[in-house]
Each structure stands twice: as C-alpha cells, then as structure tokens.
Amino acid sequence: MTKYEKKTGIIYDILQKRAILSFFNNDKTIITGGPGTGKTTIVEGIIALLREAFPYYQIAICAPTGRAAKRLKELVEVDVSTIHSLLEWNLETNTFGRNHANPLYADILVVDEFSMVDSYTMAALCDATPFVRKIVFIGDKDQLPSVGPGFLIRDLIMSQQFVVTTLEHNYRQDSGSNIISLAKSVNNGVFDLSLCKQDVSFFDSDEQLRQLVMTLYIKAMDSGYRVDDIQVLAPKYEGTHGIDALNFMLQKALNPNNPKKRELKFGYMTFREGDKLLQLKNQPDDFVFNGDTGILIEIIYKDESDDRKDHLIVDFDGVIVEYNPDTFIHLKHAYCMSVHKAQGSEYPVVIFVGSRQHRFMMQKRLLYTGLTRAKNALICIGDVNVFMEACQKEYSDEIMTKLVERIQRLSDM
C-alpha cells in the first residue's frame, strides 16, 4: 500500500485504507460515502493492487447506467461497462445472454453506483457470476433508491452479511465547497440557508421561477459554460414548473427557430438541430443507454432517405446514433431532466428547481441526490418552505422488502 502511494502520489486516509484492506480480507464488501469522499480513488487503488498481486485474475467492473460507466472509466482508466452490457442483454427478448448456463468467468466483481441497482438486475448479476471470488458494491447509501423494485444498498447493509466501510472525510469540502456542506445539512434534516454562498446560490421565488431559470442558465453560459455543462433538474414532469414546460421554454431561449436549422415535429415536441437530447431507453447495439445525453446534429427528411422515413442523427460524446420514427419515442429534450435520470452523473453547474408545484414530490433523498449532482456551482430556485419541508420527508422508509430476512435466514442454514 505504501509503495503504491509513493508511486502515484495519492495519500489515502485511514478509512480509505481500511476500505481497501477490507476488500482484500473479505469476500463481500460495501463501500459507501457521499460525493468527494474518495470512492473512485479507492476503486483505482484496489484495481492497481489486484493487478500487481493477482495478475491472472479477471476483473469485471460495471455500473447501472452508461453515463456512470463512462464517468468511472474516464476517472480510473480501466474498462467499465454497464451491467446490461456485461450480461449481454438482448433488447428484443429482454433476456440476458450471460446466466448460470453461460456464466461470466470473472474472479472479481466491482459494481459502482450501487444505489441505482434494482432487485431484478441484481438477480441476473448473481445468476451470471457463480465463479466470483470477491465482490465489492460501491455507492452512496443516502441517494435515491432504484427506480425498479427493491432498496438493495439499504438491505444489504442491514443484513450484516457484508463488511461495510462508510467514508466520512470529504475532500471537496476541504477545498471550500458549500455544495457538500449543504448536502450534509439536508441529510441531517435541515436546509441551511447560511450555506447558500460561494458556490451555492438560493433564489426564493416561485412566481418568477421560469424567468429566473432562463436568466441564470444564460448567465452561466456567458461565464464560459457550455450547454452540456449546465443541467436543470426538477422533481416532476407536469405543471408550469415541470420538466416538460421548462424544456419547452429553454429550447425556445437557447435553440430558437432558425431558417438555417432543420426541425421536425413529433407529438408535442419539436426536434431542432442543435437540441440537447436525453436517451430514455437502453439501446445496447448502438452503445447508448438510458440517461445518456447528446446533441441533435442532423435531421434527414423522409423525401431524402432511402427508406422514405424521417431520421434524427444524435451525437452522444462521439457515439453517433441514428433514429427513425419507431425510435423517436426514446428521445426527449434534456435542458431539464428529472433527478432520477441525472443520478449517477455529475455536472459543472446544476440549477435545481423546487416550487410549490413540486411539494408532494420533494423529499430528503431526492433533494440530496439532486444537490450532489453539482460539481462547481449549485443554484436552487423556488419556495424556501418546499426545500425546508423536503428535508423532513423520508419516503424510502415506505419501501418494504423481505430481502434482509431472506439473507439472514440463508446465512443461518
């Protein structure tokens, strides 16, 4: 360990070292902590030490979303895939090519952003990995649970069958980030307005919310940020302050009608060249996954195409994907998106919207997850009482499962 620290210049704190040693000393481990606590740095250390100590071991590293997998791959410079890609998921049949009859020959399994993994995906992962010697789950136990059934990170910790390391020291907070301080305050049940300074801003305005969102978005762009760097987040789709309405307004302001840009009407949406778009479904054959964002670079009209259909060409960070009317439904505008869709991603600037229209959707984990998507700057807009009340709501307690009892019963056999 000391040799690795000298080689890389990374100095691990006591808990980070404990997490790495725990992985090597135990077969089943969980590493949990908020953003900036060094989870990714630990993964990097584990992989480097594994390759040195066990060079013949096969390591499978995966994450539940394409964006999360790509982000981890960029940070640790190793091959990372989505869980669905790892298990060779077939879109047409909704089945996995990897299972107990055709298992993965991996010795080590690393699953990042584990809070997003649901019970069905976990069952498929277990079915396909009978030869795994060690498994480590990495995630933030305070984030939103999976959209699908289950609350795995909570239940596996509660089962007491995994060695759990909870990282506490936040290195971003050391650098003066109030984003992390505010997120911690939310977890403690308080939206502390005194922390809304430096890299955090709060605008207590429900009536002028839409205009403020647009003004602050344009101001961020004038400061040098690109459209890809800025993400508006909202709790729900409906209403005048909902995701759909904000997307309509932001498209009109940021990418208005232009004779030089082609556009195409689809349902209530108008796709326009230059639009920021969100992928809603996994398309593994095209290497694009639910939650990925891209830019619409070209529209081809049906009278110009061989199949006599309209086509959209979208650039997902260098991955070019072509859509026809059958797959247009997989796309929507991404100037504003839900917190669930943003989970597993980070953005230089986040504008979080919490108006009175969102009161019944807002709760602690959703607010915490949304705030912690911001890396450089966080802007909160809405009714201060909605933010305050959200810190007192914990809907995840209502997610009831029998997984803890089943694990403990099996362990006693």
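Note that this is a predicted model, so its numbers are computed, not measured. Just so you know, these numbers use all the heavy atoms, side chains as well, and skip hydrogens, waters and symmetry mates.
- Checked against Ile31 for a side chain to side chain contact (heavy atoms under 4.5 Å, CB included), the options Val164, Val163, Val136 give a single hit: Val136.
- For the pair Glu273 (side chain) and Arg262 (backbone), a donor-acceptor distance under 3.5 Å is present.
- A donor-acceptor pair is defined here as one N or O able to donate and one able to accept, closer than 3.5 Å; such a pair exists between the side chain of Arg210 and the backbone of Thr240.
- Note: Phe266 and Phe328 have perpendicular aromatic rings, judged against thresholds of 30 and 60 degrees for the angle between ring planes.
- Judged by distance alone, the side chain of Asn376 and the main-chain N or O of Val349 form no donor-acceptor pair under 3.5 Å.
- With sequence neighbours excluded, no residue satisfies salt bridge (charged side-chain N to carboxylate O under 4.0 Å, His left out) with Glu322.
- For Gln357 (side chain) and His241 (main-chain N/O), a donor-acceptor pair under 3.5 Å exists by modelled atom type.
- Under the side chain to side chain contact (heavy atoms under 4.5 Å, CB included) rule, Cys391 has a single partner from Val186, Asn188, Asp192, which is Val186.
- Using a cutoff of 4.0 Å between basic side-chain nitrogens and carboxylate oxygens, Asp229 and Arg226 are scored as salt-bridged.
- With hydrogens and angles disregarded, a donor-acceptor distance shorter than 3.5 Å links the side chain of Lys276 to the backbone of Val227.
- Leu152 approaches Leu403 most closely through the heavy-atom pair CD2-CD2, 3.4 Å.
- Looking at Asn282, its side chain never comes within 3.5 Å of a backbone N or O of Phe289 through a donor-acceptor pair.
- Side-chain contact annotation: Asn290 with Lys341, donor-acceptor N/O pair under 3.5 Å present.
- Ring geometry, Phe202 versus Phe387: the interplanar angle exceeds 60°, so the pair is classed perpendicular (tilted spans 30 to 60°).
- Between the side chain of Asp199 and the main chain of Asn178, a donor-acceptor pair closer than 3.5 Å is present.
- A perpendicular orientation is assigned to the rings of Tyr335 and Tyr217, their planes being inclined by more than 60° (bins at 30° and 60°).
- The main-chain N or O of Thr270 is found under 3.5 Å from a side-chain atom of Gln251 such that the two form a donor-acceptor pair.
- Checked against salt bridge (charged side-chain N to carboxylate O under 4.0 Å, His left out), Arg98 has the following partners two or more places apart in sequence or in another chain: Glu88.
- A donor-acceptor pair under 3.5 Å is formed between the side chain of Lys134 and the backbone N or O of Asn26.
- Between the side chain of Gln161 and the main chain of Leu156, no donor-acceptor pair closer than 3.5 Å is present.
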